[in-house]
Number of protein chains: 2
Amino acid sequence: MQGREALKKIPLLSPLTDAQLSKILSASLEKLYNAGSVIFTPEDRAEGFYILKEGKVKIFKTQRGKEQIIRIFSEPAFFGEAASFTGCKFPAWAEAIEKSKIIFIPRKAFISILKEDPDISLKFMSVMANRLLYLTNLIESLSLKSALSKVASYILRNQKNGKLIFKTNLAALELGLTKETVSRMLSKLKSLEAIEKEGNTIKVKNFQLLRELE
Amino acid sequence: MQGREALKKIPLLSPLTDAQLSKILSASLEKLYNAGSVIFTPEDRAEGFYILKEGKVKIFKTQRGKEQIIRIFSEPAFFGEAASFTGCKFPAWAEAIEKSKIIFIPRKAFISILKEDPDISLKFMSVMANRLLYLTNLIESLSLKSALSKVASYILRNQKNGKLIFKTNLAALELGLTKETVSRMLSKLKSLEAIEKEGNTIKVKNFQLLRELE
DNA sequence: CGCATCTTTGAAACTTATCAATCAGAGTGG
DNA sequence: CCACTCTGATTGATAAGTTTCAAAGATGCG
């Protein structure tokens, strides 16, 4: 079964037996989302959680036409689990930012697995612990850092081998800044020779400087 | 045993058997903290978590002399559980803001209980889910709200029967503002006749207006 | 009652947002 | 292969919101 393979790729679910996976799968629902389509809104009651099998999703809040990205998930990942756990409404929006294949797991199937398998519960808790950590760091960034250091740490966080593909608009939404400000900070980093830019690819030229600015 | 009673007051731990509680207690360590004393720092490895039996604690981040409160806990509550779970360093500072009695539970005892009792695990997860929700809302507030609406929603959140004791400095630290700004916003709310102030007690005069400003 | 602490208020400075215009690059159709 | 358009990035000028610094005013505690 193709679905089972996808589920096994999720670290959280890999220890499940085939029987357990089948049970989850039989209750689950796979759906395809185009870039820009909404997966859930804060109006929706959380009747289950979502496995991102393919694609990219952003979780975000809005208020007065402003937007703040809480987190971006790339495959493989899952999201909506906290709200699904409490069974209340989602606290935020979820939207595909790339064409995405997403499996929906209803609350019941999910909870029953958790009850059966203490190992999964522990893994699950460690995932939630990591989410908490992530949000704590986001709060620190939003509240204590200047625009320049936000951008510097964004680059450090997302870079791989000193390179990253940079979308000004997306970074702005994550960092709680405007695209103009992000662009300006980028120029500053260029003039400080901390980075180089070509098209939308950024190369880190001076890691230490970036870390000092962070 | 006095300690057991205190533990039973924590909703999370109430379903534990006496044997389980004894096991936890025997490994635990109770300590008294004065207002202002540090409980843990981001340097400390999380070897366990803390039960707040009596008093009040703030969890916060600092950077360049600035401070952002992540959360304030009043008895009965527990904290440090996410970091303790992963076993890494704490992501933030914890400091008593009132004289506090705190029980420390080592990681091992805690994990073994979780493994034994799936019911506790579930409760635990629901607590963590709530923490995630709380942080999500904090992020929204920090990033999307104006100073005035931060203060308005702070009042709404903390008021009881239209009243609350307000400490400007504490509110500022929670809201990511300076005390001066908070004070100014309070004056504005007074002049709008949304609230009244006497000493450090605030009375809500116009709930609807506050909600509109929120 | 007096001292220390917290709050309020004012003026100036700073950071970031906003608005507007220009520029660069990718893809499209002639 | 070259305009052409569309989208996203950059830059500049200005505005708004919040912080900072300083001083004066309340408040509470010993």
Side-chain angles (χ1 to χ4, degrees), chain A residues 34-36 58 62-69 97-98 141-155 164-192 195-203 213-214, chain B residues 34-36 58 62-69 97-99 141-155 164-192 194-203 213-214:
Chain A
N34 286 320
K58 69 173 175 183
T62 51
Q63 202 157 107
R64 299 176 222 175
K66 280 184 165 191
E67 174 181 334
Q68 172 66 49
I69 293 181
I97 52 179
E98 287 175 7
S141 163
L142 288 173
S143 155
L144 301 176
K145 285 184 175 165
S146 69
L148 187 62
S149 71
K150 282 180 187 181
V151 174
S153 70
Y154 181 91
I155 291 172
L164 79 156
I165 292 165
F166 193 94
K167 303 201 174 174
T168 311
N169 204 29
L170 196 59
L173 258 21
E174 286 195 66
L175 297 173
L177 301 168
T178 59
K179 50 187 167 12
E180 292 93 338
T181 299
V182 172
S183 176
R184 275 184 250 269
M185 297 305 125
L186 232 44
S187 304
K188 200 172 229 168
L189 290 176
K190 268 188 285 182
S191 73
L192 291 169
I195 60 167
E196 255 177 4
K197 204 184 171 209
E198 234 186 278
N200 53 13
T201 303
I202 286 183
K203 248 192 194 165
L213 294 171
E214 190 181 12
Chain B
N34 286 319
K58 70 173 175 183
T62 51
Q63 202 157 107
R64 298 176 222 176
K66 281 184 164 191
E67 174 181 334
Q68 172 65 50
I69 293 182
I97 52 178
E98 287 176 7
K99 206 170 203 181
S141 162
L142 287 173
S143 156
L144 302 175
K145 286 184 176 166
S146 68
L148 187 63
S149 70
K150 283 181 186 180
V151 174
S153 70
Y154 181 90
I155 292 171
L164 78 156
I165 292 165
F166 192 95
K167 303 200 174 175
T168 311
N169 202 31
L170 197 59
L173 258 21
E174 286 195 67
L175 297 173
L177 300 169
T178 58
K179 50 188 172 3
E180 292 92 337
T181 300
V182 171
S183 175
R184 276 183 250 269
M185 296 305 125
L186 233 43
S187 303
K188 200 172 227 166
L189 290 176
K190 269 189 283 182
S191 74
L192 292 169
I195 59 166
E196 255 176 4
K197 203 183 171 210
E198 235 186 275
N200 54 14
T201 303
I202 286 183
K203 247 191 196 165
L213 294 171
E214 190 181 9

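Worth knowing before you read on, the calculation uses all heavy atoms, side chains too, and leaves out hydrogens, waters and symmetry mates. Every chain is numbered from 1 and lettered A, B, ... according to where its sequence line falls, protein lines coming before strand lines.
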Measure the [atom1]-[atom2] distance between [X] and [Y] for me, rounded to the nearest 0.5 Å.
| X | Y | atom1 | atom2 | value |
| --- | --- | --- | --- | --- |
| A:Ile155 | A:Ile195 | CD1 | CD1 | 4.5 Å |
| B:Leu192 | B:Met185 | CG | CE | 11.0 Å |
| A:Ile202 | A:Lys190 | CD1 | NZ | 8.0 Å |

Item to check | Minimal non-hydrogen separation, A:Gly199 against A:Lys197, with atom names | outcome: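 Between these two residues, the closest heavy atoms are O-CE, 3.4 Å.
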
Item to check | Heavy-atom contact window of chain A on DNA chain C, given 5' to 3' at under 4.0 Å | outcome: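 Both ends considered, the range comes out as C:dT16 to C:dC19.
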
Item to check | Terminal helix-axis angle for the helix from C:dC1-D:dG30 to C:dG30-D:dC1, with five pairs defining each axis and rounding to 10 degrees | outcome: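 Rounded value for the end-axis angle: 30°.
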
Checklist entry - Who pairs with A:Ser146 by side-chain contact (heavy atoms from CB on, under 4.5 Å), at least two apart in sequence or on another chain? => result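 In terms of side-chain contact (heavy atoms from CB on, under 4.5 Å), with neighbours along the sequence ignored, A:Ser146 is linked to A:Leu148, A:Ser149, B:Arg64.
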
Item to check | Partner set under side-chain contact (heavy atoms from CB on, under 4.5 Å) for B:Lys66, not counting sequence neighbours | outcome: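 For B:Lys66 the side-chain contact (heavy atoms from CB on, under 4.5 Å) partners, ignoring immediate neighbours, are A:Leu144.
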
Donor-acceptor pairs are to be reported for all side-chain atoms of residues 169-183 of chain B against protein atoms at under 3.5 Å, with residues two or more places apart or in another chain.
residue, atom, partner, partner atom, Å
B:Glu174, OE2, B:Tyr154, OH, 3.3
B:Thr178, OG1, B:Thr181, N, 3.2
B:Thr178, OG1, B:Thr181, OG1, 3.0

Checklist outcome for this item: B/S/- along nucleotides 19-30 of chain D (protein heavy atoms under 4.0 Å) is BBB---------

Under the side chain to side chain donor-acceptor pair (under 3.5 Å) test, residues paired with [X] that sit two or more places apart:
| X | result |
| --- | --- |
| B:Glu98 | none |
| B:Thr201 | none |
| A:Gln68 | B:Ser143 |

Item to check | Counterpart residues, salt bridge (Lys or Arg N to Asp or Glu O under 4.0 Å), relative to A:Lys58 (two or more places apart) | outcome: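 Listed in chain order: A:Glu67.
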
Next on the checklist: Once you apply a heavy-atom cut-off of 4.0 Å, does A:Lys150 come out as touching a base, just sugar-phosphate, or nothing?
Outcome noted: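 Contact class for A:Lys150: none.
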
Nearest-Å distance for atom pair [atom1]/[atom2], residues [X] and [N]:
| X | N | atom1 | atom2 | result |
| --- | --- | --- | --- | --- |
| A:Lys167 | D:dT10 | NZ | P | 14 Å |
| A:Lys197 | D:dT10 | NZ | C1' | 9 Å |
| A:Met185 | D:dT10 | CE | P | 12 Å |
| A:Lys188 | D:dT11 | NZ | P | 13 Å |

